[in-house]
Amino acid sequence: MTVNDKDIAISDKGAKILEYLESGKWPSHVTEIKKTKYPIRAYSSGLAIGETQWYGGSAKIRYVYTGFIARRTKDGKDSELHFRIYHPSGQFYRTEMLRKILDFSDEYGLGLIEVIGQTGGMIISMNPERADEAIDAIRNLGTDVGDTGDTYRDFASCVGPALCEYSLYDTLQARDHYMTYEPIYNNLSNQLFPFKVKLKFSGCPMDCARASHRADFGFIGTWEGSPDVDWGLLQDKIRKDDLKIERLIKECPSGAISENRESGGIKIDSEKCKKSMNCIRYAFPAIKPGKNRKVALLAGGNIKGRFGPKMGKPVSILDDYAQAKEFIMKIISIWEDGSPHKDRIGDMLFKSGFSKTVEAVSSSLPTEIEGHPTGQQRIIASAVLTDEEREGYSKWVDNIVKEYGE
Amino acid sequence: MTVNDKDIAISDKGAKILEYLESGKWPSHVTEIKKTKYPIRAYSSGLAIGETQWYGGSAKIRYVYTGFIARRTKDGKDSELHFRIYHPSGQFYRTEMLRKILDFSDEYGLGLIEVIGQTGGMIISMNPERADEAIDAIRNLGTDVGDTGDTYRDFASCVGPALCEYSLYDTLQARDHYMTYEPIYNNLSNQLFPFKVKLKFSGCPMDCARASHRADFGFIGTWEGSPDVDWGLLQDKIRKDDLKIERLIKECPSGAISENRESGGIKIDSEKCKKSMNCIRYAFPAIKPGKNRKVALLAGGNIKGRFGPKMGKPVSILDDYAQAKEFIMKIISIWEDGSPHKDRIGDMLFKSGFSKTVEAVSSSLPTEIEGHPTGQQRIIASAVLTDEEREGYSKWVDNIVKEYGE
Amino acid sequence: MSTNLSERMKKRLPVPYTDSLPEEIKSNLGKWADRKFHGGGIIEHISEKGDHLFTIKVGSPPNARFSSNTLRVFADIEDKFGIGTLRFTRSGNVEFISDSLEKSLLIKNEIEKMGFHAGGWRNSLWSIGSCTAYLSCTTAVADSSSITKVLYDQFGKYFTDEESIPAKLRISVAGCPTACGGLTSDIVVVGHYGDAPSFDPQKIGLCLPRSAKALEVAVPEVVMVCPMKCISAFKKDDDTVGIQINREKCIACGRCKDVCDYITFDTTKIGISILVGGKSSNTGRGQNLAMVLIPWIPISPPNYREVVAVLQKIIDMWKGNAVAGERLADYVRRIGLREFQKALDIPVTRWNNTEFVSSEFGIRQFPVR
Amino acid sequence: MSTNLSERMKKRLPVPYTDSLPEEIKSNLGKWADRKFHGGGIIEHISEKGDHLFTIKVGSPPNARFSSNTLRVFADIEDKFGIGTLRFTRSGNVEFISDSLEKSLLIKNEIEKMGFHAGGWRNSLWSIGSCTAYLSCTTAVADSSSITKVLYDQFGKYFTDEESIPAKLRISVAGCPTACGGLTSDIVVVGHYGDAPSFDPQKIGLCLPRSAKALEVAVPEVVMVCPMKCISAFKKDDDTVGIQINREKCIACGRCKDVCDYITFDTTKIGISILVGGKSSNTGRGQNLAMVLIPWIPISPPNYREVVAVLQKIIDMWKGNAVAGERLADYVRRIGLREFQKALDIPVTRWNNTEFVSSEFGIRQFPVR
Ligand code: SRM
Ligand code: SRM
Ligand code: SRM
Ligand code: SRM
Ligand code: SF4
Ligand code: SF4
Ligand code: SF4
Ligand code: SF4
Ligand code: SF4
Ligand code: SF4
Ligand code: SF4
Ligand code: SF4
């Protein structure tokens, strides 16, 4: 085959694949893309060859260092550039504003939008030629490009108080708060970190923002003690047969719920409740999250880094999401100091020993979070006690000594 | 109080404490010590003051660098020196030999012996003046000093085949084997390691030698599959009411045992058995350790090191204890290269990532040991497959595709 | 453009978020007291003030890719029947908002006419998340977007409640082991090479220091990033730098390719791995990373029949055996991955076998079977 | 002495071990087919050849310390009634060996006349292990040997089977946090300072480099060993080296004192911590490191009434609640340390609270009570 023949073969095969991808019941990305100026040839030949056609490209956008990605195809025929744009927290758009963004996308871009990426940005495919002026245009709309490079990425929050009845703190305000916190805000354009940093905010243990795994620092609403029960409502539901006590008991994964004829049918052991939300989602609003609201702070989650996937690990139970600022800044400065390129914060914590490092900088945090009550107990025999602690133990032992005679 | 008065007060208080320690039903170490030339004043004044009276001392023993420890008291009045002497594996002494050692202890030492230390040595308190010649004397008895410093310490084994019916390999020979293995033997006098190295050998999962925690490299006898059942004997025991099936079932911590009327009353699920030995010790010899004998190799145990107490972690299941030599030497050489003083092997493994380091040097070992079957599964999405593996999966998927129509 | 350079470096953030909210939501912030699920993607939100709002969740095309055209029609529909506000969910779907059930059904009707579907709450498929892959990603191995399309065609029935499943189901598809969608979905499909890399001996130099002297002071990045230490750099006779790749130790993670375009892989060995058991929600047994069910199966674009069949098999197994309300992730953990593999008769190799975690000192020590 | 120096550096090992065995054992090596427990420390070993041997376990004084005198008498007794062979067990006890039950009882009788006790197999106290402590150790905080004596006086009843307990009980006593006896005993008693160290400003120099220039190339050992990084070295005006100790972060582990005799502690705050739940055997729930039950109680030598009372309380609690055959370690793990603490009404502070393990990523994330 000549080069040309080969090209034609690829192009034919690609076209057939695209056709297939436009069939079927579900809305097709290909159908959408075909309505835009996106160089679909790059996609179809990628599919035909079985290999992505994209290499890193370059772009000229003056004095803007994060928030866009430039691409060129391996054969040099096409190029692409996309902006990663900050959504307002919650991703609500009045149609008027949405239309402005669409106009922007048509005027400066290809008319193709990934409405929200996995991290949380809106990804708009641009016309590379007009990218520089587009920056000013998007700013005029009240938002900006961001969310790439070795810096703070876009932060993300669940819809929280704007629509959700479970929300235990204002996740949207929390995102705003951290995005505009000066030491963070001032760094959104710098690529000075060893790797990326992400914060995510979920309003309750359902963790709709996936803050437990996909964030270097995760904030998850929780509470102390038992869920909050409206006994009247609960008895109503039971009476109406809307709710079965057996199911409540069976579905509680921590065995915290037991039958109790006196007080409305059930009893919840606050020490045992693991905040699974199972009873709450079943019996809402007769059972709600507890009233003593807290925010769990997790650290170290990420997908890859040096040591592979990690769940974030609990650091502290905050009274208020704002309490974590000092801690986060300290952890980042340790990480910045000593970590090689491509080590995420979780890798650093893993290497240096999570609890050691966290403890060393956690003085600004409230109550330390408790671990699993499974044998993961302190095994270090020594301790530096305060006089108060010493007294407590002395008193206790005095009683025992008395009990057993001297 | 004058200095003298103070000394007398201490001495009086000390004497009273000693007196107390000689009362009571259990044999007293003080009573024993009083029969010897050990400077008991150092002990009694320590007790009176509430502080050990010993500082590191120095000793002149020519060309011998490990195996003895010299002490002096803080006030400089007393000094002490003790030998740590190798027991023969199993610590058996014909009385004739024992008497020779006792004579040695009286002639060159203080007549005081700690018959076996926590590591495994025999500790003989010496007369510092005669320590140098004592070396030659103890060698003439067929053993030597050893077991101190940053080198291989005394290795230890359980009594194993010499007295124990559970023994799954010859723990005594194993100790001999490793003590005399040239690369180890040649290093018994050198203090070139970052810290100490200990090997321990237990004949079965009872782990009488505490190889799971108190050894950098632990060897523990085990087996593959179910325990070995002598069905005839078992039925005998049941018939005679020597043994209750319910208890067998109840005490198996892994739920491997179930009732089975046909085959002698019970059935053991070999996949589930965790080698707890519970059924074996209860029903012995009707139930014995399995016949497919193996030796579990553990690494990284120690009591303190840099990161605190650690249990050794399983590395491999050996067919023979001798198979671990290459592995041990490789781990030690990595440790030697890169670890600061006072980092045990477990600390190094902890820092560098246990499985990563172990895997990198485990090529000389047989079957890799399996982990807990609890969710600790592979989470790394990628893999480099052999053609065979690829074929296996392809075949499997072909069937599924067929099942669901194309 | 602003003439002040430091000004241009400053980001313009869309804060405060309340500026983007319609009055109906602003006045009810944090006051939602109850909700009703009306099926078909519609939730009624009831505020303590007595207000009612309805959200209609509409499934997006793969990779949440829309033309400005389509979104403009969405805006028109919302203006006609809704309160003039749309939102994009964390998982890439679109929510229309209206103030009555009737209007919500009209919205639903409109988008269905366009070929879209509403659905995806409670015991249903909530979404199939896809990364960008061949659409613009440099490190993509398989094309997640087209796989996602095919999976949606097959499993859309669980989104629209046409067929029921025991609990929420979340699927993620990633084009490469970077897995931008993360590992906390019930099912995670990940494209990977299935083989160790080679490199273009000419061009690789572009990723390496020019002179071997540089090796004395620094390790080239492509060497450093390899988690298995498979890549080593050496001085060539002409004083330039060469590399070697130890194929035995490689896990095909692609990190080397992430930092150097001239690392290449044999594309005939490409496949996907399937992981199960992930979730981020604290319900049931709590959060968990997904685990490798099967490390590799071949793929046949564009119908990806292998992936579709295996996922259907997994879902059927779950449907047939889970307790009501039990997520796939919880089900797999309850019975154990090993049992799940056995039931599906999946060959077990070192790649989908039980693994150690790096510092799991101190568990029961005698696991030999 | 050998005139060849390299010869003197070579160790003389007592190998092969078979040289030290009596014929009765050598000929039955690995052939033991059954055993009977006759109580009172006597085991009958039955070989497949039909031979019978009896071992009699005799408890040692604290720290396994014997005068040569006593051991000589032991040898005489063994020669009279036994097969002329003694052994020392891994845990510091002495085993006499004979060839009949009758003679074993005679041996038992003889050693009892001397004030010793035989016992300690199966459901009993097997031993109380003690380290050296004030007898010759430099880092000892409390004197484990005297504590052990007092404990044996109290709990010897469980060794001799005078009183029964549910399962094997192993106690270790250590003079300092180094815990030479390890942490795999059911109960571990550990002496420690309970306070951060100071140092003798004059003498500390002996543990430091003479000139501050040395700081540029190396960290002084006393600084390096601190696991909490509490100790820092600095250049003094006169160019010598000084140190500072951050008392806030210290855990009183004593590692600094291990390497430098001039680190000092306030001895009035000395106490002992008590750990429970350790075992190395794979029975029941398997191996486990002991966990801190109570981080500190004061001690009152020589009767150590606090230690004795607390241990008796722990044992009573276990006796009263464990299933037959359940070791203290298994019992504590079954009910959970927390419950155990509650039942004993022990104050919980940061020192005996649940702790994280360094890399426990990925467990259920919402443990708030
Ligand atoms: C666009 C997006 C996928 C999507 O379509 O949704 C994406 C696309 C890429 N990701 Fe990602 N990641 C995207 C969200 C994520 C997430 C999800 C999240 O943030 O919740 C993760 C996992 C969470 C985390 O951070 O751990 C993620 C983990 C990665 C990683 C692994 C990072 C690590 O921990 O090692 C890489 C590799 C790297 O950066 O070296 C990566 C790298 C990439 C690159 C830059 C690879 C490349 O150079 O080609 C991809 C660019 C594709 C492109 O330009 O078309 N992407 N990436 C997502 C960002 C859009 C947005 O702003 O919303
Ligand atoms: C004598 C002995 C206690 C006894 O009476 O049984 C002992 C005594 C000392 N040990 Fe030990 N250790 C003794 C067995 C152990 C064991 C038990 C074992 O080996 O099974 C351990 C725990 C196992 C392990 O290695 O992890 C042990 C872990 C330590 C440590 C902590 C090591 C670490 O991992 O960090 C130290 C501190 C050090 O070496 O810096 C230590 C240090 C010491 C020193 C040298 C401290 C000192 O400088 O004063 C003690 C010397 C006391 C003396 O001269 O009177 N000793 N030491 C044991 C050795 C005698 C023998 O050969 O049998
Ligand atoms: C809209 C959204 C948040 C957002 O900021 O965009 C959301 C919002 C709600 N989630 Fe969620 N979840 C959203 C993604 C998630 C995710 C993330 C994901 O899927 O990628 C998770 C956790 C991931 C996981 O799979 O573990 C998540 C786990 C839950 C759960 C737990 C489900 C379970 O069985 O484990 C519930 C409770 C339930 O369904 O009963 C829940 C429940 C809810 C409800 C419906 C509250 C309720 O049940 O009353 C929230 C409705 C608010 C509303 O009307 O807008 N939400 N929810 C996300 C919609 C995604 C979508 O388009 O499908
Ligand atoms: C003699 C000794 C080995 C040695 O080389 O010195 C030994 C030897 C035996 N042990 Fe052991 N164990 C010896 C220390 C240990 C230790 C270590 C320790 O105590 O410091 C352990 C593990 C530590 C722990 O606490 O977890 C140990 C855990 C066991 C067990 C498991 C007990 C349990 O309930 O968990 C058994 C089985 C049993 O008792 O049923 C056992 C059983 C045995 C028996 C009695 C075998 C039997 O039940 O048929 C062995 C008798 C051989 C003999 O007659 O000489 N041996 N045994 C040790 C005697 C120590 C002593 O003086 O008291
Ligand atoms: S995380 Fe909780 S508060 Fe946030 S949207 Fe989900 S269910 Fe609602
Ligand atoms: S929230 Fe979950 S753990 Fe807590 S009581 Fe309800 S069902 Fe049980
Ligand atoms: S470890 Fe096993 S073989 Fe060794 S003495 Fe103990 S019970 Fe016997
Ligand atoms: S050895 Fe233990 S785990 Fe195995 S069958 Fe017997 S009792 Fe069960
Ligand atoms: S998962 Fe891989 S292919 Fe997909 S966008 Fe992320 S880096 Fe690209
Ligand atoms: S694919 Fe990953 S493991 Fe293999 S050589 Fe590249 S970086 Fe190393
Ligand atoms: S535990 Fe402490 S006091 Fe006892 S011998 Fe070991 S180092 Fe010395
Ligand atoms: S006692 Fe331990 S923690 Fe405290 S200063 Fe000394 S070495 Fe550091």
B:Lys35 versus D:Thr70, side-chain donor and acceptor atoms under 3.5 Å:
yes
Salt-bridge contact D:Arg12-B:Asp136 (side-chain N to carboxylate O under 4.0 Å):
no
Contact part of D:Tyr262 toward chain B, heavy-atom cut-off under 4.5 Å: side chain, backbone, both or neither?
side chain
May I ask you to check whether D:Thr184 and B:Arg210 show a side-chain donor-acceptor distance below 3.5 Å?
yes
Which region of D:Leu21, side chain (C-beta onward) or backbone (N, CA, C, O), has a non-hydrogen atom less than 4.5 Å from a non-hydrogen atom of chain B, or is it both or neither?
both
Between B:Trp26 and D:Phe159, ring centroids under 6.0 Å:
yes
Does a salt bridge link D:Arg72 with B:Asp106, judged by any charged N lying under 4.0 Å from a carboxylate O?
yes
Could you check whether any side-chain N or O of B:Glu32 sits under 3.5 Å from a backbone N or O of D:Phe66, counting only pairs where one atom can act as donor and the other as acceptor?
no
Expected list for residues 135-143 of chain D: side-chain donor-acceptor pairs under 3.5 angstrom, two or more places apart:
unit_1, atom_1, unit_2, atom_2, d
D:Asp143, OD1, D:Tyr134, N, 3.2
D:Asp143, OD2, B:Tyr43, OH, 2.4
D:Asp143, OD2, D:Ser146, N, 3.1
D:Asp143, OD2, D:Ser146, OG, 2.7

Distance alone, cut at 3.5 Å: any donor-acceptor contact between the side chains of D:Lys11 and B:Thr66?
yes
Contact class of D:Asp258 relative to chain B, heavy atoms under 4.5 angstrom
side chain
Over 60° means perpendicular and under 30° means parallel, so classify the ring planes of B:His87 and D:Phe88, tilted if in between.
tilted
One thing to verify: whether B:Asp132 and D:Arg8 come together as a salt bridge, which I'm taking to mean a side-chain N less than 4.0 angstrom from a carboxylate O.
yes
Examine the side chains of B:Asn278 and D:Thr283 and answer whether a donor and an acceptor come within less than 3.5 Å of each other.
no
Please determine, by modelled atom types, if D:Ser281 and B:Asp207 share a side-chain donor-acceptor pair under 3.5 angstrom.
no
side-chain contact (heavy atoms from CB on, under 4.5 Å) for D:Asn282 and B:Met206? Distances and angles first, verdict last.
CA-CA 6 Å; D:Asn282 196 37; B:Met206 294 300 186; over 6 Å; no
Any side-chain to backbone donor/acceptor pair from D:His45 onto B:Leu163? Under 3.5 Å, distance only.
yes
